[in-house]
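The block underneath contains the structure these notes are about, expressed in structure tokens.
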2 protein chains.
Amino acid sequence: MNLQDAINVLKEKGYKTTGKRKDILEFFASEDGYRPAKDLIVHLENKYGTISFDTIYRNLHLYHDLGILEKTDLEGEKHFRLSCSHHHHHHFICTDCGKTKEIDICPMDTATAELTNYEIDDHKFEIYGRCPACLNA
Amino acid sequence: MNLQDAINVLKEKGYKTTGKRKDILEFFASEDGYRPAKDLIVHLENKYGTISFDTIYRNLHLYHDLGILEKTDLEGEKHFRLSCSHHHHHHFICTDCGKTKEIDICPMDTATAELTNYEIDDHKFEIYGRCPACLNA
DNA sequence: TTGTAAATAGGAATGATTACGATTTTGTGA
DNA sequence: TCACAAAATCGTAATCATTCCTATTTACAA
């Protein structure tokens, strides 16, 4: 999912493409890892001086509902990143910088065998640690 | 990890075994799923009328640090359960009742092959959905 | 260009969690 | 057993992320 894809999704669904909506997408396009709302707020305050929480969180939820952003709960804060829509995979997440690396292993195919009679709605497989760049810094 | 194991850990490490510490362990021993601090507060308020947040959270952190409780972040709330110390595994978590089922698959052995030069500190593999009991209710 | 539904502002409210000084309790060792 | 020091708890205030609300502004279709 890139910037233009995301804007197209917005338009297709009839949402308005405001300047701030584009700013938010650009922010996530320029990062390649999970970022908390806080970072987005700082980024937009640099540009606008002030930004409404409502704008931040409403759009984060909207993008998540539209599949534009992926979300994960890390230490009591929700973190977001642009969705990787090309194929199903999981992530290593650097706990220092938030950058991610794709992991092309999904254990669900074998795991479901242990879950007959269960309804499965979602799953999460994440690996935490420090990336090579942060290890060298 | 059962109640007695947990009390032994406390004593070995020189922590005092107060009535409330035992109450908290008994609460988790009587549940077999992830519970939020909120539920523990309600449980202890039923017995004592009032309970300090400090007592709740200090002990939850202590138990987590000692490996007595496992923790997971679910929708902005931290949830805890007694550690399953017998062997390494993961969980299906029922989003209705919080009960868990062990999943004896761990994808880490193959995943680490994709992560040379990365420092790996932790990982999470969780499956969310509804358990048979909640599906029938 | 204009009307209107959607989006944003600004700030109050909420909910989980943390922090802290005062008080109480536990376990130790005299 | 008793007294003491350290640890634990209390009660409450503060903090932090997030949600909610009403008034105002804006995008975009006609």
Side-chain angles (χ1 to χ4, degrees), chain A residues 6-27 34-66 68-81 98, chain B residues 6-27 34-66 68-81 98:
Chain A
I7 290 173
N8 291 342
V9 172
L10 270 187
K11 292 196 170 156
E12 278 164 25
K13 302 276 183 175
Y15 291 97
K16 296 181 176 172
T17 57
T18 67
K20 277 163 189 163
R21 284 204 169 135
K22 285 183 203 157
D23 291 334
I24 293 172
L25 292 172
E26 279 164 14
F27 170 76
Y34 280 101
R35 310 277 19 137
K38 197 191 324 179
D39 287 11
L40 177 59
I41 291 171
V42 168
H43 175 79
L44 290 177
E45 281 181 344
N46 285 340
K47 179 164 184 183
Y48 293 101
T50 172
I51 185 81
S52 174
F53 290 141
D54 207 3
T55 302
I56 298 287
Y57 288 103
R58 185 170 23 74
N59 286 316
L60 287 176
H61 291 165
L62 173 65
Y63 287 153
H64 182 247
D65 290 346
L66 293 178
I68 292 171
L69 292 181
E70 292 176 32
K71 180 177 70 168
T72 192
D73 262 315
L74 297 174
E75 353 229 298
E77 245 181 323
K78 278 153 193 137
H79 288 59
F80 299 86
R81 56 162 290 137
Chain B
I7 290 173
N8 289 343
V9 171
L10 271 187
K11 290 195 172 160
E12 278 163 25
K13 302 276 183 175
Y15 291 98
K16 296 181 176 173
T17 57
T18 67
K20 277 162 190 162
R21 284 205 168 136
K22 285 182 201 158
D23 290 332
I24 293 172
L25 293 172
E26 279 164 14
F27 170 77
Y34 279 101
R35 311 276 20 136
K38 197 191 325 181
D39 287 12
L40 177 59
I41 291 171
V42 167
H43 175 79
L44 290 177
E45 282 181 344
N46 284 340
K47 178 164 181 182
Y48 293 102
T50 174
I51 184 83
S52 174
F53 291 139
D54 206 6
T55 303
I56 298 287
Y57 288 104
R58 185 169 23 73
N59 286 316
L60 287 175
H61 291 165
L62 174 64
Y63 287 154
H64 182 247
D65 291 346
L66 292 178
I68 292 171
L69 292 181
E70 293 176 32
K71 178 177 70 167
T72 192
D73 262 316
L74 298 173
E75 351 229 300
E77 243 181 323
K78 279 155 193 136
H79 288 59
F80 299 86
R81 59 161 290 136

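Any value given below was found using the heavy atoms of this structure, including those in side chains, with hydrogens, waters and symmetry copies removed. Every value quoted in this text rests on a predicted model; they were computed, and no experiment measured them. In the text below, chain A, chain B and the rest are named by the order of the sequence lines, each starting its count at 1.
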Quiz prompt | Short side-chain N/O contact from A:R58 to OP1 or OP2 of C:dA7, under 4.0 Å | solution = no
Exercise. May I ask you to verify if any side-chain N or O of A:T55 is less than 4.0 angstrom from the OP1 or OP2 atom of C:dA7?
Key: no
Practice problem: To the nearest 0.5 Å, tell me how far A:L40 CG sits from A:L60 CG. | Solution: 5.5 Å
Quiz prompt | Sole residue of B:E77, B:H79, B:R81 in side-chain contact (heavy atoms from CB on, under 4.5 Å) with B:T72 | solution = B:H79
Practice problem: For residues 17-26 of chain A, pull every pair meeting salt bridge (Lys or Arg N to Asp or Glu O under 4.0 Å), keeping only residues two or more places apart or in separate chains. | Solution: A:D23-A:K47
Self-check item: Among C:dA12, C:dT17, D:dA8, the nucleotide that comes nearest once only the side chain of A:F53 is considered
Solution: C:dA12
Take atom [atom1] of [X] and atom [atom2] of [N], then tell me their distance rounded to the nearest Å.
X	N	atom1	atom2	result
A:Y57	C:dA13	OH	P	18 Å
A:I41	C:dA9	CD1	P	12 Å
B:N59	C:dT18	CG	P	13 Å
B:Y63	D:dA8	OH	P	10 Å
B:L40	C:dT17	CG	C1'	14 Å

Mind listing the side-chain donor-acceptor pairs of residues 9-17 of chain A below 3.5 Å, one per line with the distance, residues two or more places apart or on another chain?
none

Practice problem: Give one of base, sugar-phosphate or nothing for B:H61, where a contact means two heavy atoms less than 4.0 Å apart. | Solution: sugar-phosphate
Quiz item: Taking for each residue the nucleotide of DNA chain C bearing the nearest heavy atom, is the 5' side occupied by B:K38 or by A:I51?
Solution: A:I51
Quiz prompt | Position toward the 5' end of DNA chain C (nearest nucleotide), A:R21 or B:F80 | solution = A:R21
Practice problem: For B:H43, enumerate each residue passing the side-chain contact (heavy atoms from CB on, under 4.5 Å) test, keeping only those at least two apart in sequence or located in another chain. | Solution: B:F27
Quiz item: For B:K71, what residues pass the side-chain contact (heavy atoms from CB on, under 4.5 Å) criterion, not counting sequence neighbours?
Solution: B:H64, B:K78, B:F80
Quiz item: How does each nucleotide of nucleotides 20-30 of chain C score, in 5' to 3' order, for protein heavy atoms under 4.0 Å: base (B), sugar-phosphate only (S), or none (-)?
Solution: B-----BS---
Quiz item: So what is the 5' to 3' dot-bracket string for DNA chain D, if pairs are Watson-Crick or G-U wobble with both distances under 3.5 Å, crossing pairs use [ ] and | means the partner sits on another strand?
Solution: ||||||||||||||||||||||||||||||
